[in-house]
**Q** 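Have a look at this one.
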Amino acid sequence: MNKPKPDLSVRIGGLVMQNPVMTASGTFGYGPEFARLMDLNRLGAIVVKGISLKPTQGNPTPRLVEVPGGLLNAIGLQNPGFDGFVRDYLPFLRHYRAPVIVNIWGHTINEYASIAERFNDLPGVHGLELNISCPNIKHGGIAFGTDPKMARRVITAVRARTRLPLITKLSPNVTVIAEFARIAEACGSDAVSLINSFPAMAIDIEARRPILANITGGLTGPAIHTIALKMVWETARAVKIPVIGMGGITSAREALAFIIAGASAVAVGTANFSEPLSTLAVIKGIEAYLVRHRLPSIRALVGTLETGAVIPKPRGPGRPCA
Amino acid sequence: MNKPKPDLSVRIGGLVMQNPVMTASGTFGYGPEFARLMDLNRLGAIVVKGISLKPTQGNPTPRLVEVPGGLLNAIGLQNPGFDGFVRDYLPFLRHYRAPVIVNIWGHTINEYASIAERFNDLPGVHGLELNISCPNIKHGGIAFGTDPKMARRVITAVRARTRLPLITKLSPNVTVIAEFARIAEACGSDAVSLINSFPAMAIDIEARRPILANITGGLTGPAIHTIALKMVWETARAVKIPVIGMGGITSAREALAFIIAGASAVAVGTANFSEPLSTLAVIKGIEAYLVRHRLPSIRALVGTLETGAVIPKPRGPGRPCA
Amino acid sequence: MLIENTIILSHRLLKGGYRLLTLKSKRIAPMVRPGQFVHLRLPSPADAVLRRPFSVFRAQAGRLAILYKTVGKGTQAMATLCAGDEINILGPLGQGFPNVRKDTLPLLVAGGYGMAALYLVAQRAPVKGIVFVGGAGADDILCADDFRRLDWDVRVATEDGSAGKKGLVTRILDAWLNKELHGRQPEFFACGPNGLLKAICKRVGRGGWDGWISMDRHMGCGLGACLACVQKVCKRDAAGRETWAWARVCTEGPVFACRDIVWD
Amino acid sequence: MLIENTIILSHRLLKGGYRLLTLKSKRIAPMVRPGQFVHLRLPSPADAVLRRPFSVFRAQAGRLAILYKTVGKGTQAMATLCAGDEINILGPLGQGFPNVRKDTLPLLVAGGYGMAALYLVAQRAPVKGIVFVGGAGADDILCADDFRRLDWDVRVATEDGSAGKKGLVTRILDAWLNKELHGRQPEFFACGPNGLLKAICKRVGRGGWDGWISMDRHMGCGLGACLACVQKVCKRDAAGRETWAWARVCTEGPVFACRDIVWD
Ligand SMILES: Cc1cc2nc3c(=O)[nH]c(=O)nc-3n(C[C@H](O)[C@H](O)[C@H](O)COP(=O)(O)OP(=O)(O)OC[C@H]3O[C@@H](n4cnc5c(N)ncnc54)[C@H](O)[C@@H]3O)c2cc1C
Ligand SMILES: Cc1cc2nc3c(=O)[nH]c(=O)nc-3n(C[C@H](O)[C@H](O)[C@H](O)COP(=O)(O)OP(=O)(O)OC[C@H]3O[C@@H](n4cnc5c(N)ncnc54)[C@H](O)[C@@H]3O)c2cc1C
Ligand SMILES: Cc1cc2nc3c(=O)[nH]c(=O)nc-3n(C[C@H](O)[C@H](O)[C@H](O)COP(=O)(O)O)c2cc1C
Ligand SMILES: Cc1cc2nc3c(=O)[nH]c(=O)nc-3n(C[C@H](O)[C@H](O)[C@H](O)COP(=O)(O)O)c2cc1C
Ligand code: FES
Ligand code: FES
């Protein structure tokens, strides 16, 4: 007797994905880089490298250094800008059925809102992921994503200008990440994704110089998984919109931990570098787990963590936006 | 010709240490646990497990789980209380020349101040390390160490009651740790130490339960080193008091990175579990480095990171305390 | 207690995923008492920030053996080691079993690798006794012949009946206690899964006998410093009331008197 | 370009810390063009989140060889591998060297493992040329005999004079260009440290010749996705002004025309 296949599909705002596994922005290029190795149509969604209004050169090199359990990067958000993306990559992406989510960023609220707006009615783009970890050049370089007021303003501005499903990507560099998730929810995000990389640095002790040209960079990979997992767990209990978990996924195990903690979907980042087919292995592993645990669908697993205790929700009331 | 030995001694407030290597609180017990394996007199200082006014039972088990690149712990600050410490451990510690620093904590400002006071005029205790990462039971469980107002109050209260050199130990779970270091400085701390463990969690995906009985725990070990290093670098540029760096030291390499980034001393934590003699190896490695680089003293190395750029100091003016 | 870099003399796969690892240990081996353990550093410490604890199976002049089962990443990494490789151990750790008394009948009760922890008890006992050993199947019955060679009486039970009597080890133990104890004074030494230890302590309590169990707890330092391995034990407070306190399995244990344990 | 699980056929320590690793590769080996590289997964990926890039030294039916030096933790881990072990490779990656033209004199210039990256150029060239190779000492002069067996003329320089002429490789190259070029049209193919590549490009530019260099940059994905490996290259902007743009060494490189590089 054939067992029915479990239903892996998930819904993020208006967006339906055939499975919960996405690529993490910046670790999968724009798609063509991996297309010769795998069938992109098998992905839940393709999240492309962060796009800004104008082309951006990013940081000098070295931009990457391997550290115990992870990776530091300081790419500096290099990208071809909106026009470059539409010209060089979008036609390619339109050949695929997998939904395409564009990660966007800016240095001012205006830049954020403008880039968001330009994706309206652009066939082939199915959602936006709002990267609020960028420094705000008008306000002394504090990241939008670590200041509740600024976060509220940028999310509100983007929400007002886009008709696409909007995912706000949260910075881990805050005391209570669930607060920012509630802001995102109140200000109209369809989902939140977390976590972005952790500010960190590495030093060449012989030269007594930073290893990255940018001095500091963002830590990603297995080292951050347990921190990300706690943040996802707290966030999922604080908001009603779907949560997308990422940070240190190398196999289905970590992806399943995020889902059990409350994530509706997950994204694979750094693991794409050592194992370009990681996303496919994660999809397979999740499916096998559902079969083994006789779960009919991925939704039946979301947030099923048994803590054996009544745990107070994260602090702070859910306030309306603005 | 004999080369002169480099001078490893450092000064933290009124406290002189023969070398910059301390034990991290909670990873070295109270001393006797390691005394059969090594000569405690070779340490820069012995920092003991956190002590509270009354004995504390801590959390149920499991309390520890190994994760990629690190360790999660939720010991729950189990300790014999002030009286138990003075009765069971202090007589032993008095046999050693190495300075003893007691890590203290409480659940209210009053508890903090009272425990601090009790160590005045207690021969054999040479300094206090104030762990402000504890949840404040009077204020909804927010940690003292993540709220600037609460941090200011608890440090001020403790400073008023102790005559010992005071080291404030900072929580990493904040956006700008240097802000808290300045608060510590302004409120009379003689030094700051950082970082404490990162809130994190691990899940048994088969049982769909948290692995730790306490659900969440603190991440320590190599996984947090690059994050700690950035925090130490930013903190050392923001304050004039000495900075004690810790997080993921397994060898002299990481210790030297902290020192080059601006730390005057370092503490070895999780590494004591796999290698009980880690502290001694770190001391040796630092000395060898100074000889190889022809540096006369450890002080000649502190903060020598060459960034090749003028970097703006962390935001926020240095405000007076209160 | 000390740290020693040992060389692997031999490493053999036994049945059921168990392996016998014999180390050349000049300094630690002679110090070991029955029931003590060593804390072993894994071959690639980059993957693992903790050592792994193992009971000492055998200890004789210059040699120390452990008997372990491959269960997770640490023991899997150990399984790849070959004769001649180095391995760093810390030990002997903990309080072992008390010496077997001449005036009692020692009854050893073991499940799985528990047999390993009890071998030195039998070897160094001044009198012969009986070993009750249980497991899921025949593959879990380890080193029974080693005990037989010491002239101990070995009684086996397996859940699937593939060796000895079918059923739990407590079943053959109870049958024996009912029919063959004949008024002698037994003293229990047990090592195995928590369920087994609890069952033994229940019987020991009911009979008013002496019993000692070796507990298995996840460990950090093995030195008493981290407080990861704690177990609830009985204590009287200042007013003389019964209450509990934490004992460190690595330091006050791993062997405890049955009467001291507070079962949750 | 694909991912292949290969088996190690042989692994030999050469002099100077260099090792020759030969893999059984059915699928990737036949696709390799001179100057392309493979991205190799380390044996214990828990320690290392990145692969390591190596030029293909030799590629023939079913076999692929790389020649590498132990410099850090990744190459140290590789050094422990034995014949029969598995190794996962991704490749062939990048743009290799253009085909050697019949109407020019190919001059290969190498430092260190650069010799490995150039062997296929010589092997597949329609004409014979000259190899200039330099290193700190005799131990850094690798596989010169392999080139001689192809009937190429090999000229050696070492900084300590322990092999060939004493001095930098550019010294013997310059001497040769001055005295022995005799008006022929040279075409350069170089691989080695950045200083060497820059020196070659300077000469190529002055002479108005063609030259190709293979660059070595720290890499992440090897696939063009992470933008870690970028190098400044010349570009004209919309208004036709000269400016620069980033090129990905893993994708647009590792081989670039000398004239395209913007040196910082
Ligand atoms: C005093 C003592 C004596 C022991 N003697 C033996 C013995 O003789 N033979 C034998 O096969 N096993 C013995 N064990 C259990 C053995 O330590 C574990 O099987 C082993 O640590 C598992 O490591 P792992 O990395 O393969 O498993 P993983 O599950 O991957 O280990 C992950 C973590 O959990 C800890 N851990 C996992 N299981 C256990 C466990 N059952 N007990 C304690 N810590 C655990 C590990 O130390 C590690 O920190 C003993 C345990 C203790 C406390
Ligand atoms: C296209 C290309 C071809 C190469 N071909 C060869 C070859 O044929 N033979 C050979 O011996 N070496 C070659 N290298 C260099 C080789 O990749 C490095 O020596 C190796 O990655 C060092 O790894 P490690 O872990 O031992 O060193 P570590 O210094 O510990 O490495 C740490 C990190 O730095 C990176 N890294 C370190 N040094 C280099 C370097 N020089 N270039 C790129 N990344 C580096 C590693 O990939 C890793 O991410 C090549 C590099 C490139 C880019
Ligand atoms: C090289 C690199 C580039 C990245 N670029 C972006 C980016 O452009 N926008 C963004 O929101 N996140 C970016 N990230 C963060 C990832 O999307 C992801 O949040 C992070 O890597 C954590 O997941 P991981 O541990 O699986 O890598 C980048 C990460 C890496 C490693
Ligand atoms: C088991 C354990 C117990 C700890 N207990 C304390 C404590 O009581 N007080 C405290 O301030 N820090 C405590 N810490 C934090 C350490 O002192 C240190 O800040 C942290 O482990 C980071 O250093 P490491 O990465 O070298 O371990 C504890 C850490 C561990 C692993
Ligand atoms: S293992 Fe650390 S106290 Fe027992
Ligand atoms: S290595 Fe990732 S783009 Fe070149």
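Throughout, protein chains are lettered first and strands after them, A, B, ... in sequence-line order, and every chain is numbered starting at 1. Just so we're clear, the structure is a prediction, and the values are computed from it rather than from any experiment. Computed from heavy atoms alone, side chains included, the values below leave out hydrogens, waters and symmetry copies.
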**Q** Counting only pairs under 3.5 Å, give me each side-chain donor-acceptor contact of residues 218-227 of chain A, with atom names and distances, residues two or more places apart or in other chains.
**A**
from, atom 1, to, atom 2, distance (Å)
A/Thr220, OG1, A/Thr270, OG1, 2.6
A/His225, ND1, A/Gly247, O, 3.1

**Q** Tell me the residues of residues 195-209 of chain B whose non-hydrogen atoms fall below 4.5 Å from those of chain A, in number order.
**A** B/Phe198, B/Pro199, B/Ala200, B/Met201, B/Ala202, B/Ile203, B/Ile205, B/Glu206, B/Arg208, B/Arg209
**Q** Can you tell me which residue pairs pass the ring pair (Phe, Tyr, Trp, His ring centres under 6.0 Å) test with a partner in residues 283-303 of chain B, sequence neighbours excluded?
**A** B/Tyr289-B/His293
**Q** Work out which heavy atom in B/Pro210 is nearest to a heavy atom in A/Leu305; give both atom names and the distance.
**A** N-CD1, 3.7 Å
**Q** What closest approach, in Å, do A/Asn173 and B/Val174 show between heavy atoms, and which atom pair accounts for it?
**A** OD1-O, 3.6 Å
**Q** Report, in residue-number order, which members of residues 250-259 of chain B are under 4.5 Å from chain A by heavy-atom distance.
**A** B/Arg253, B/Leu256, B/Ala257
**Q** Heavy-atom cut-off 4.5 Å, strictly under: side chain, backbone, both or neither for B/Ala261 against chain A?
**A** both
**Q** Where on B/Thr304 is there a heavy atom nearer than 4.5 Å to chain A: the side chain, the backbone, both, or neither?
**A** both
